[in-house]
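Here is the structure we will look at, set down as structure tokens.
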Amino acid sequence: MKILLDPIKRVDGVVHISGSKNATLPLMVCSMLTDETITLYNVPCISDVLVMKQLLEDIGIKIDYDIENKRMILKKGLLKQFSNLENIKKIRASIYVIGGLIANKINFKSYYPGGCAFSKRPIDYHLEAFKAVGYKITDKNNLLKVRKHRNIKQDLTFKIYKQSVGTTINLLIINVLRKYKTIIHNASVEPEVLEVINVLNKMNANIRVDNTTITIDGVKQLQGVSHHIMSDRIEAGSYMLLACASSKANLLIKDIDSSYLTEVINTIKELGVYVEINKNNIHIKKDYPLVGINKVASYYPMFPTDLQQILCVTCCKAITPSIIKDEIYPNRLSHVKELQKAKAKIYIKDFIIYIYPSILDINKVYAHDLRCGFACIVMGCLIKNQLIIENADIILRGYENVISKLKHIGVSINVE
Ligand code: EPU
């Protein structure tokens, strides 16, 4: 799919934010942990969710997805190993299904999970966790054979080397039904992780969070749950940065818990843009030129890595230089390549991104990954001619109704 963007003068209107991708995917997997029904509301219709649905159906979860009403009902049947291995490679979150099979003591074969390949994304922490609960994993030409070989009848303590969203969630999945205590040090406490803990506790789990230490007291069984999924702070931040990049903007972001976006809001204020916050709305008014900023993307509550690429594009529009560093994924730089093709004055030295005021000039860019894709859309706001974005399907992995939402706020966008 190609996206065609025509130059626009301003962004104006309302954007309703959808349910969070990175909360929805593990919450769907929680259906593997109970015999009762899980009902999720505010489920975004994005391609990663559709792939996750196929993955879960393949291993024996019955799913009824009412897209119009954003409601998904999941119920565990007789679980079995993957029969369609190809889907595993399509999303990173398939690693949670692997965790779910382990929690259910099933032996299986799997490929490595896929997802956006913006950087080296190892799964060594996950494999260590699987081994610690008694699984043996062998790798033959990238096909993993996962076999239970020991019963671990004891409390376990993990210290995650680098705070990891996926590893923390998988440690919850594989230990919540173990009879023993599990302690996770240096756990990720990103809002999406806390959302999973909240839902598991609603299902009768016994999980406590103290700073970055999580304690799980294993329970015998979990019950069903109904849950309205939190809104997607990254989607909201993406539209906020798009508004900042356009020459003028008057944008109301609705259905978003602004408390999850404190650092993003601070960043936008540092750029010189007016932001007004109510609990579930964020109003952005942009009339004046942006000023450059100095920003480090890191763990919550710092600026999120998932917005780093988009922020870089916005900063090209500033009248003074910016310096940006991504501490989680220093190599998340696919957008820099596209910006350099567009003659932006953007340079990397020792993984630090230096951005100088730039006039972009290009008519075709490539969306290498999901957030690079949205960054390309923002590039369209900075260019005086039509911009074609190739490989634009990748944007549908994480942005619900992106074309109609953009049209609604005045972006001149078409699909080919
Ligand atoms: N890491 C390892 N080994 C592992 C796991 C992680 O070295 O086994 C490292 C990573 O390389 C990285 C750091 O730990 O440097 C943190 O990675 P994390 O595990 O937190 O990332 P993830 O769970 O694979 C999730 C989101 C990403 C988001 C990151 C960071 C999902 C499905 N994905 O990935 O979302 O960038 O956390 O917040 O939840 C996106 O939405 O565009 C996206 C890529």
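Only heavy atoms go into these numbers, but all of them, side chains included; no hydrogens, no water, no symmetry mates. Atoms within each ligand, like the ligands themselves, are counted from 1 in listed order.
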Exercise for the section: Run through ligand 1 for me and note each protein residue having a heavy atom under 4.0 Å from it, chain first, then residue number. Expected result: Lys21, Asn22, Arg92, Phe118, Arg121, Pro122, Ile123, Asp124, Tyr125, His126, Lys162, Gln163, Ser164, Val165, Gly166, Thr167, Thr305, Asp306, Ile328, Tyr329, Arg332, Leu370, Arg371
Practice task
Inspect the contact between Lys75 and Glu36 and indicate whether a charged nitrogen and a carboxylate oxygen are less than 4.0 angstrom apart.
Solution key: no
Problem - Carboxylate-amine/guanidinium contact Lys53 Asp58, below 4.0 Å - result: no
Would you list the atom pairs, donor with acceptor, under 3.5 Å between side chains in residues 343-352 and any protein atom, with sequence neighbours excluded?
none

Exercise for the section: Hey, could you give me each pair passing ring-ring contact (aromatic ring centres under 6.0 Å, His included) that has a residue in residues 392-416? Not counting sequence neighbours. Expected result: Phe374-Tyr399
Fill in the blank from the handout: Sorted by chain and number, sequence neighbours left out, side-chain hydrogen bond (donor to acceptor under 3.5 Å, both in side chains) with His368 holds for Glu338
Fill in the blank from the handout: Rounded to the nearest 0.5 Å, the CD1 atom of Ile216 sits from the CZ atom of Arg208 at a distance of 10.0 Å
